[in-house]
Amino acid sequence: MKTRALFAPFLVLAVSALSACTSGATATPSSPASAQPTPVQPSASPAALITFHSPEDSGFRLPLALTHGPDWEVRVGINALDIVQGNTWGASIFLVNGAKVGDPKDMTKTIPWPGDFFTYLASLPGVKVIQGPEPVTIGGIACSQVIVHVTSFGPFLWLKDDYTWIGSKAQDEKWQLLLLDVNGERVLLWFPDSPTNFDVRYPLVQQIYETISFAK
């Protein structure tokens with residue numbers, strides 16, 4: 001999944017919303033267009049659910065909470081949270097204010113944060129948009145998401161004050177990317193997996209996304 005040292009800490013990619021994110025929308029994430037109905041693991045009983053709150057003294061400066069089952073683990077890094085299952089797959093939440101963005105024509109150079117990140121993402125070699133942009137709501141904040149198919153390419157985004165970089169070493173992956181503005185903090189949610197596993201695991205990741213809340 002990630003390419004910052006995936007799962008320890010974890011892999012990464014980024015996107016920026018095509019339209020400005022605002023609060024109060026009612027849209028919800030839709031399933032990938034290519035996904036077929038698949039059995040979804042039942043949610044854990046309420047007694048087994050765990051509520052995570054981002055630590056005040058950590059490198060992840062945005063106050064947020066989310067709820068997950070006992071088979072998940074949340075790992076806190078600098079400007080990043082990794083939500084992992086079995087130390088093999090999961091999703092990430094990144095704070096990308098101040099992140100360095102690579103020049104798609106020369107990945108050794110950086111450019112200012114693109115005004116239209118989805119268009120920028122689609123311009124990268126090895127990236128094909130499968131679905132979106134389309135409206136979603138995360139933690140009561142409306143933004144957009146895109147689902148892309150990617151093949152191997154190097155780093156194109158580096159988080160501020162961290163070694164985490166975003167890119168792909170795999171030859172065949174599918175990514176869900178969401179970017180929203182939370183009180184001036186640009187937040188990226190990223191779920192990558194193999195195309196086959198993505199369609200099966202997508203609903204499990206969305207169950208966690210639906211529990212996210214942000215402090216004022």
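FYI, side chains are in, hydrogens and waters are out, and symmetry mates aren't considered; it's all heavy atoms of this structure. Since the model is a prediction, treat every value here as computed from it, not as a measurement.
Using a 4.5 Å heavy-atom cutoff, the side chains of Thr110 and Val101 are not in contact.
Minimum heavy-atom separation, Phe214 to Ile138: CE1-O, 3.7 Å. The nearest pair of heavy atoms linking Val96 to Leu157 is CG1-CD2, 4.4 Å. Closest non-hydrogen pair, Ala80 versus Leu159, comes out as CB-CD1, 4.1 Å. Considering every non-hydrogen atom in both Pro70 and Ala48, the closest pair reads CD-O, 3.6 Å. Shown here for Cys143 and Leu179, the closest heavy-atom pair between the two residues is CB-O, 3.3 Å. Scanning all heavy atoms of the two residues, the minimum distance from Pro195 to Lys174 falls at CA-CB, 4.1 Å.
The side chain to side chain donor-acceptor pair (under 3.5 Å) test applied to Ser54 returns no partner, not counting sequence neighbours. For Tyr120, the ring-ring contact (aromatic ring centres under 6.0 Å, His included) partners at least two apart in sequence or on another chain are Phe117, Phe156.
Taken to the nearest 0.5 Å, the CG atom of Leu188 stands 9.5 Å off from the CD1 atom of Ile93. In this structure, CG in Leu81 is found 8.5 Å from OG in Ser92, a value given to the nearest 0.5 Å. Separation of atoms CH2 (Trp89) and CG (Asp193) is listed at 7.0 Å; rounding is to 0.5 Å. Taking OG of Ser213 as the reference point, atom CD1 of Ile141 lies at 10.5 Å (rounded to 0.5 Å).
Ring centers of Phe191 and Phe198: under 6.0 Å apart, within the cut-off.
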Going through the checks in order, is the side chain to side chain donor-acceptor pair (under 3.5 Å) test met by Glu73 and Gln85?
CA-CA 6 Å; Glu73 177 185 357; Gln85 186 172 118; over 6 Å; no
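Looking at Gln131 and Glu134, their side chains do bring a donor and an acceptor atom within 3.5 Å of each other.
Relative ring orientation between Trp190 and Trp175 is described as perpendicular, the plane-to-plane angle rising above 60° on a 0-90° scale split at 30° and 60°.
Proximity of a side-chain donor or acceptor of Asn97 to a complementary backbone N or O of Arg186 within less than 3.5 Å is detected. Between the Thr137 side chain and the Gly140 main chain, no donor and acceptor come within less than 3.5 Å of each other.
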